[in-house]
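As the structure lists them, so they are numbered: ligands from 1, and atoms in each ligand from 1. Keep in mind that what you see is a predicted model, and the values were worked out from it rather than measured.
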Amino acid sequence: MKFFIDTANIDQIKEAQDLGILDGVTTNPSLMAKEGIRGEQNILDHYKKICEIVQGDVSAEVISLNFDGMIREGEKLSALHPQIVVKVPCTKDGIKAIKYLSGKGIKTNCTLVFSPGQALLAAKAGATYVSSFIGRLDDIASDGIELIAKISDMYNYYGYETLVLAASIRHTMHILQCVEAGADVITSPLAPILGLLNHPLTDSGIEKFMSDYKKSCQ
Ligand code: G3P
């Protein structure tokens, strides 16, 4: 399973990268705004900065809502850096844009996917990743993890190469549930990833080893 960090925060990206387990980064316009990155040139520069920190794919989202704008933006984003993956929303124009961009050999991430039908269209259009937002489904009393399992089964059955990317992860348990549901990639804020480390028996075990070591030195 690949681990992406879902943030535009440089410190958190560096922290995850330093852990040695990071495979990529996803961003979206809300995450960029949260970091105070405004204006087209600053946004483009920020993507380049992220690409220089990590080695894997970095998703950069288009803002246009129509096909022409999406492909114009997508080609511009893709030309920024070889690690850039163009993130496109799952709309009619978005699917057309993914088909066009993937046909040009540009990696794409079909975002805001909430149903197996949307995921099917994304795969047929040749998306590299399909971003299914599990937390936002849970928010409306729908089952986000069940969607990951359904999409994974469908892609495996038909042999689609599109990778199932579980997004909108809110807590550590989501990550573990995504493992069981067959996600290829999780993209998560830093805290749920670090939460995987937590176990009271690890803490008490270290404490005991340290106190026994100190006793043996006396
Ligand atoms: O990757 C999508 C993610 O950023 C959305 O997360 O918590 O806003 O639903 P959230």
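With hydrogens and angles ignored, the 3.5 Å screen pairs a side-chain donor or acceptor of Gln118 with a backbone N or O of Phe114.
Screening Val25, Thr26, Ile5 against Thr187 for a side-chain contact (heavy atoms from CB on, under 4.5 Å) leaves a single residue, Thr26.
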Contacts under 3.5 angstrom, residues 208-215 side chains, donor-acceptor by atom type, not counting sequence neighbours:
residue, atom, partner, partner atom, Å
Lys208, NZ, Asp212, OD1, 3.3
Lys208, NZ, Asp212, OD2, 2.7
Ser211, OG, Lys208, O, 3.3

Could you pull out all donor-acceptor pairs under 3.5 Å where a side-chain atom in residues 188-207 meets a protein atom, sequence neighbours excluded?
residue, atom, partner, partner atom, Å
His199, ND1, Leu201, N, 3.0
Ser204, OG, Pro200, O, 3.1
Ser204, OG, Leu201, O, 3.4

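Within the structure, every pair that satisfies the salt bridge (charged side-chain N to carboxylate O under 4.0 Å, His left out) test and touches residues 128-139, not counting sequence neighbours, is listed here: Asp139-Arg170.
Here the closest heavy-atom approach between residue Ile145 and residue His174 is recorded as CD1-O, 4.0 Å.
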Note every protein N or O atom lying under 3.5 Å from an N or O atom of ligand 1, pairing the names and giving the distance.
residue, atom, partner, partner atom, Å
ligand 1, 1 (O), Asp6, OD1, 3.2
ligand 1, 1 (O), Asp6, OD2, 2.9
ligand 1, 4 (O), Asp6, OD2, 2.6
ligand 1, 4 (O), Asn28, ND2, 3.0
ligand 1, 7 (O), Arg170, NE, 2.9
ligand 1, 8 (O), Arg136, NH2, 2.8
ligand 1, 9 (O), Arg136, NE, 2.7
ligand 1, 9 (O), Ser168, OG, 2.6
ligand 1, 9 (O), Arg170, NH2, 2.9

